[in-house]
Amino acid sequence: MNLIEQAKRKVSGSNFLLVVTIVMFAIMYLAGIIIYSRQGFGNMQTFMNMLIDNAGLIIVASGMTVVIITGGIDISVGSMVGLSCMMLAYMMEIKGMKASSAIVIVLIFGTLFGTVQGWLISYLKIQPFIVTLAGMFFARGLTAMISVDQIAILSNQTFLDMANKNIYLPFGAIVNKRGIKLFPFIHPSVVIALVTLAVIWYVLKYTKFGRSVFAIGGSEQSALLMGLNVRKVKMSAYVLNGFLSALGGFVFCLNTTSGFVEQARGFEMEAIASTVIGGTLLTGGVGTVVGSFFGVLIKAIIETYIRSNGTLSSWWNKIVLSLLLCFFIVLQSVFAAIRRRRS
Amino acid sequence: MSDTMGLIRKRGRALVGQRLFLPLFALFLVLIVNVIKTPAFFNISIQNGVLYGYIIDIINRSSELVILAVGMTLVIATGGIDISVGAVSALSAAVCVRLLGSSYDAYATPMILAIFVALIIGMIGGAFNGLLVSRLRIQAMVATLILFTAGRGVAQLISAREIGGKMVPGQIIYVRMESFKGIGGFLPKVIVPTPVFIAAAVVLIFYLVLTRTALGLYIKTVGINSRAGRLVGINSTFIIFLSYALCGLTAAMAGVISSSRIYSSDANNIGLYMELDAILAVALGGNSMAGGKFSLAGSVIGAITIQALTTSLYAMGVTADQLPVYKAIVVILIVSIQSEELKRWITARGGKKA
């Protein structure tokens, strides 16, 4: 009896949405295994492919989680990812720069971009959506200024090695028709993504900065009265997000190895959707990056469904994801209403 | 001597403090630059029985933006924002064109009916946003992000054409009938482009409704303090809902005009970047992004200024994809000027000096 009470208390409140997400993921994954067994949905490699395809999104969604927990929003991340890819492609392909220096420049640019946005939001008190909306169009336009044509990264061997290196996992092997054991593999991008996720998780949970982020999202007024430097923490959140969106852009580029103007359009939507599906409240103060990770996985499963189905048009990807986001924010708001009534 | 200087300074400050100073000044600036670059800028002539000239072109092209800015003004005045207007425009355009069909002989649906349905679809899109924002209290940005992303996808699905016995979505459908071109072009024997009339009518109707009824006051109240509004008996939920629905309606109108201009539906390009332009027009019009007091005239002038800016940038050889860079910078400059924090900071510095 006591145990049930305890479990109930644990699940109630903010955890509830995370539990819904994880259960939903499990159901969708099992359903996929049953429906698309012939396409090999149950293979370990299918799951690893989801991670490979969405490594960039995992990173960007982690940054988005931090920003949304402070009660803000950043819709410039998609354009920033596109711009990072274009910058990398331009610097390495046209200018013949080394991969390492190109990556460092992109990361520095992303951090600067985040700093400017963060300063406007926290010090000039301009609403985050206006600033990041402008940032979104600014970055997209800048991408077009670098090059209107698609630039494919073909000559930089270091970068291509990084993109295509297979890291084999010691488990989950399948035996193919010829009797050869095939181990599932991942690319370095997945390692970068998972390490980033772990670092952000640690930062949010165990550092002063992380705790301040939650405090500000819960109530800015109280945080201020508590003596927290609200402006600085808020700005840092956007700086961090700027850095992470550039890092996400680099990882995204490892998958596409090219830069073009339309790249990663709608990526901000995917990041916000993943975060919200993962149980982060849009009003701020509540959320985990682990939830966002599961949000990304749910998005990945939908994509894999649609790809396995073959007959559905690619427009459905965005439509289904939007509907899912809609469902979860309605769920959040119903949940908030119930809590308001209780108190 | 110092008296006159003081008076001039006082007058100057009063002028700068005027609500419409910023939009008019910006418009003036853009026009001056244009006149210097092209001396024939203000020339208007009649060619092929219709008015012709740079100014006419700018006013004509700004029609959609003026209409959109009207809707966006209402939404921003309630303290929200709608970034789905471009996508809703594309959606309504797709519905309208799909209903009209691409036959050479007759419309598949009567034109009035098709336009009516398209407008209703736009209003439903707006109402959906409004529902999420007003009843479910979701951040306007995120609520409208749903349609921003999904809207074009749905528009692509609607823009389906039969190819090889199969309906293939994501096609550009053309309307072949001449009369459809009248909406975005010219009506027979009228020398002024039709969109200008539509835009003028929309502005006039909204202006009358907002000033002659209490709606305008209600919207202001909700934007300034929605709690206080509710306490004095205003149904703020409904007011917010209504503003989004009206914004969707204006987006649909803009979409129908755009599709008539190119007599086809292009789900990828109709209303592209329009949301930024509309928000920019409202900001430039001297309206606060935080909601509250608003000026329809300011937004209209703002919209025309944006179009003048766009046209001039095109003339300078900036491509459509690069335009947003300049506009984004202008947006940030305007909202920074409006920022109370910046004003406080500047006055604090000025105080120290004195």
Side-chain angles (χ1 to χ4, degrees), chain A residues 68 71-73 75-76 79 116-117 120 122-146 148 231 261-262 265-266 268-270 272-273 276 282-283 313-326 329-330 332-334 336-337, chain B residues 79-81 83 128 131-132 135-157 160 168-170 267-268 273 275-277 279-280 283 289-290 318-336 338-342 345:
Chain A
I68 292 184
I73 191 107
I75 59 164
S76 70
S79 302
V116 173
Q117 293 200 128
L120 288 167
S122 56
Y123 284 84
L124 288 193
K125 297 244 169 92
I126 304 172
Q127 294 93 324
F129 63 83
I130 298 281
V131 173
T132 57
L133 184 76
M136 165 178 164
F137 285 102
F138 181 80
R140 188 67 69 187
L142 215 54
T143 314
M145 278 191 166
I146 296 173
V148 189
R231 290 180 169 186
V261 177
E262 288 295 303
R265 191 175 275 276
E268 61 282 343
M269 169 71 183
E270 290 176 10
I272 293 172
V276 171
L282 282 168
T283 41
S313 114
S314 64
W315 305 111
W316 282 107
N317 260 343
K318 280 183 179 172
I319 296 173
V320 172
L321 192 68
S322 308
L323 286 178
L324 205 64
L325 172 67
C326 189
I329 47 182
V330 168
Q332 274 193 9
S333 119
V334 169
Chain B
I81 195 161
I83 60 162
F128 170 75
L131 194 72
L132 290 180
R135 281 221 60 94
L136 299 177
R137 297 190 198 170
I138 293 156
Q139 281 181 30
M141 179 91 245
V142 180
T144 55
L145 188 68
I146 294 173
L147 262 187
F148 175 75
T149 315
R152 275 184 203 282
V154 178
Q156 296 280 12
L157 289 178
V168 183
N268 270 329
Y273 302 135
E275 48 281 342
L276 181 70
D277 278 0
I279 294 164
L280 187 52
M289 284 290 123
V318 177
T319 68
D321 285 331
Q322 298 166 352
L323 266 184
V325 172
Y326 303 98
K327 291 184 180 166
I329 293 172
V330 176
V331 170
I332 288 299
L333 283 179
I334 294 169
V335 289
S336 300
Q338 284 185 354
S339 159
E340 292 295 326
E341 289 292 309
L342 192 70
W345 192 65

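Below, read A as the first sequence line, B as the second, and so on, with proteins coming before strands; counting in each chain starts at 1.
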Heavy-atom pairs under 4.5 Å with chain A are the metric here; pick the option from Ile138(B), Leu145(B), Leu276(B) that has the most. Leu276(B)

Which atoms of Met141(B) are under 4.5 Å from chain A, going by heavy atoms: the side chain, the backbone, both sets, or neither? side chain

Report yes if some heavy atom in the side chain of Leu132(B) is under 4.5 Å from a heavy atom in the side chain of Val330(A); otherwise report no. yes

Might you point out which heavy atoms bring Ala328(B) and Ala134(A) nearest each other, and give the distance in Å? CB-O, 3.2 Å

Give the C-alpha distance, both sets of side-chain angles, the deciding distance and a yes or no for side-chain contact (heavy atoms from CB on, under 4.5 Å) between Glu341(B) and Arg231(A). CA-CA 12 Å; Glu341(B) 289 292 309; Arg231(A) 290 180 169 186; 2.7 Å; yes

CG on Leu323(B) to CZ on Arg140(A), rounded to 0.5 Å: 15.5 Å

Can you tell which part of Leu124(A) gets under 4.5 Å to a heavy atom of chain B, answering side chain, backbone, both or neither? both

Does any heavy atom of chain A fall under 4.5 Å from the side chain of Ala290(B), the backbone, both, or neither of them? both

Point-to-point distance, once rounded to the nearest 0.5 Å, from CD of Glu262(A) to CG of Asn268(B): 7.5 Å

As a quick check of understanding, evaluate side-chain contact (heavy atoms from CB on, under 4.5 Å) for Ile329(A) and Leu136(B), giving each step before the final call. CA-CA 9 Å; Ile329(A) 47 182; Leu136(B) 299 177; over 6 Å; no

Let me know if Ile146(B) has heavy atoms under 4.5 Å from chain A in its side chain, its backbone, both or neither. both

In terms of heavy-atom proximity below 4.5 Å to chain B, should Ile126(A) be classed as side chain, backbone, both, or neither? side chain

Inter-residue atom distance Thr319(B).OG1 - Met145(A).CE, 0.5 Å rounding: 7.5 Å

Can you say whether Val331(B) sits under 4.5 Å from chain A via the side chain, the backbone, both, or neither, judging by heavy atoms? side chain

Check the pair Gln139(B) / Phe129(A) against side-chain contact (heavy atoms from CB on, under 4.5 Å), numbers first and verdict last. CA-CA 10 Å; Gln139(B) 281 181 30; Phe129(A) 63 83; over 6 Å; no

Contact origin within Val148(A) toward chain B - heavy atom pairs under 4.5 Å: side chain

Atom group of Phe148(B) that falls short of 4.5 Å from chain A, counting heavy atoms: side chain

Take Leu157(B) and Ile319(A), measure what side-chain contact (heavy atoms from CB on, under 4.5 Å) needs, and give me the verdict at the end. CA-CA 10 Å; Leu157(B) 289 178; Ile319(A) 296 173; 3.4 Å; yes

Could you report the tightest heavy-atom contact between Leu142(A) and Val325(B), atom names first, then the distance? N-CG2, 3.2 Å

Working to the nearest 0.5 Å, report the span between CG of Leu133(A) and CG of Leu280(B). 10.0 Å

Interface check, chain B: of Gly141(A), Gly266(A), Ala139(A), most non-hydrogen pairs under 4.5 Å belong to Gly141(A)

With a 4.5 angstrom heavy-atom cut-off, is it the side chain or the backbone of Ile83(B) that approaches chain A, or both, or neither? side chain

Measure Leu321(A) against the heavy atoms of chain B and call it side chain, backbone, both or neither at under 4.5 Å. neither

